[in-house]
Protein chains: 2
Amino acid sequence: MTRRHEQIAEALREAIADGRHPVGGALPSEAELAERHGVSRGTVRQAVSALQAEGMIGSRQGARRVVLSTAPSQSFAELRSFAQWARAGGHTPGGRVLESVRCAARVEEAALLQLAPQSQVLRVLRVRTLDGEPVLLERTVYAGWIADAVQRLPDDCESVTQSLYDDTGLVFAHGEHHIDAVAAGTVDSQRLGVRRGSPLLRVRRTTTTPEGRPVESSDDRYRPGSVVFTVRNSTQANPLARLGRD
Amino acid sequence: MTRRHEQIAEALREAIADGRHPVGGALPSEAELAERHGVSRGTVRQAVSALQAEGMIGSRQGARRVVLSTAPSQSFAELRSFAQWARAGGHTPGGRVLESVRCAARVEEAALLQLAPQSQVLRVLRVRTLDGEPVLLERTVYAGWIADAVQRLPDDCESVTQSLYDDTGLVFAHGEHHIDAVAAGTVDSQRLGVRRGSPLLRVRRTTTTPEGRPVESSDDRYRPGSVVFTVRNSTQANPLARLGRD
DNA sequence: TAGTGGTCTAGACCACATT
DNA sequence: ATGTGGTCTAGACCACTAT
């Protein structure tokens, strides 16, 4: 990365991670960082605002910035992609397509994907495994214009996100996630190996391209104990979300 | 708000909310906004980066910014405070303290609150209602230094956050939330009026002051159907979280 | 090729926290 | 009183998108 502000942000993340700036301690002033890195104050502010958005530091006018956490928050990619998240945590992702059918979109699906009513969509049921164990059941609806590319993927495709990018250049850029809890239904219990009625963490998400065009909408159900969703937030900065192992 | 960048951000939020910039459409260029508002480009960039952090718009180098969503995301305050969230959604919050005991911190509690082992803490069990219905059971551990102020609050205190601020000037500034699903235990089922073993959405959170000093740590269990957690995120911008009614 | 957003500079002034 | 972060300006150059 040649961008100066990214370099400075990375240097600060490392300094925080290895304890040179302990939790509860203060960061150097903007002026000092600017001089040390030979950049203007604006560039330093760009760097620290990234850490602030990640929830690692907090700041108040008039006082030095404070270290809040040593853990760097994870990226959108890791929130979006099961495979990328799994690998980031040192686990082995796997998966298998159980069903894949084309049909007309239901009313609410067409609305979520911003499609005309009755448009063709692709409905996929997929189980995902972590180190061989099933932990997630995905019911995904893909917009018709990407359906062919999705169906060309192998049934045990490890990373759908990566494969779609490689094959078609498609980038997932934005997502909205609704999280709640539901009782396992018959299909859920069979596929995830839990009792019917036992609690599952449900994430309903819709993902779009950089231009804001919806690509997919999914109902994902996680086996409890396997996955925790973490959100860090702040009055001042922008919160950040990540998916983590319990 | 006298800050120019906030004014511009608010003007853009309104323009998006009332459809002058529809979802999928483009925003005016930075240069145009700068001229229109009589400010420099830097101030415009500050304004749009706020909307970006809220997930309302996306941007790509070389192309105009795109509107992703009309819904303004909610603030940290609403994520943190049940009462503030409820009122923001047009509901009436209520609640009652069921138990309140002082005791020595457990090992993991002391660690979460950054206290010495065996420090005094205050353990509170509180049920929260929305329009009279119980929807949330909170098991909160407060650090000893704030325990007196918490115990002085009335049992049916509507907003603990607001009252603590009024009484002691305490501000909650940062939070970390871990979300998963659990089966209702005996206490949960009695207090929330659900069957034992039925799914609950659990949020374990720790909140700190602006200086990063932990104040409280809580295990919150939501009755399903009453509450959904929403996270919006992006490759480029910073994700944002909010709590919303189903 | 023209327009747009991303990066960076070098200043200025203000509000707030600390001492 | 001094230092610090928050706001704002007026420029410059570059990388990328669109046409």
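In the region residues 23-32 of chain B, proximity to DNA chain D at under 4.0 angstrom, judged on heavy atoms, holds for none of the residues.
As rounded to whole Å, 14 Å separates atom C1' of C/dT4 from atom CD1 of B/I57. Rounded to whole Å, the distance from NE2 on B/H5 to C1' on D/dT9 is 14 Å. Note: CG (A/L33) to C1' (D/dG3) measures 15 Å, nearest angstrom. Between the CD1 atom of B/I8 and the C1' atom of D/dT7 there is a distance of 12 Å, given to the nearest Å. Distance A/Q52 CD to D/dG5 P: 10 Å, rounded to the nearest Å. The nearest whole Å value for the distance from the CD atom in B/Q46 to the P atom in C/dT7 is 15 Å.
Side chain of B/R65 to main chain of B/Q52: no donor-acceptor pair is present (N/O by atom type, distance under 3.5 Å, no hydrogens or angles). A side-chain donor-acceptor contact under 3.5 Å links A/S49 to the backbone of A/Q46. Looking at A/R60, its side chain never comes within 3.5 Å of a backbone N or O of A/V66 through a donor-acceptor pair.
In this structure, the salt bridge (charged side-chain N to carboxylate O under 4.0 Å, His left out) partners of B/E158, at least two apart in sequence or on a different chain, are B/R87. With sequence neighbours left out, the side chain to side chain donor-acceptor pair (under 3.5 Å) criterion links B/E10 to B/R13. A search for side chain to side chain donor-acceptor pair (under 3.5 Å) contacts involving A/D155 returns nothing, not counting sequence neighbours.
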Per-nt protein contacts along nucleotides 11-19 of chain D (heavy atom under 4.0 Å; B base, S backbone sugar-phosphate only, - none) come out as -B--BBSS-
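Taking a cutoff of 4.0 Å between a charged side-chain nitrogen and a carboxylate oxygen, A/D220 and A/R126 do not qualify as a salt bridge.
With distances taken from any side-chain atom of A/R45 to the nucleotides C/dT7, D/dT7, C/dG5, the minimum falls on D/dT7.
When the shell of 6.0 Å around CD of A/Q118 is examined, it contains 12 or fewer heavy atoms from other residues, nucleotides or ligands.
Between A/R64 and the phosphate of D/dT4, there is a side-chain N or O to OP1/OP2 separation shorter than 4.0 Å. Proximity of B/R3 to the phosphate of D/dT7: a side-chain N or O atom is located under 4.0 Å from OP1 or OP2. Listed pair B/S59 / C/dG6 meets the phosphate criterion, a side-chain N or O lying under 4.0 Å from OP1 or OP2. Between B/R65 and the phosphate of C/dG6, there is a side-chain N or O to OP1/OP2 separation shorter than 4.0 Å.
Evaluation of the salt bridge (charged side-chain N to carboxylate O under 4.0 Å, His left out) test over residues 17-29 of chain A, restricted to residues two or more places apart or in two chains, returns A/D18-A/R20.
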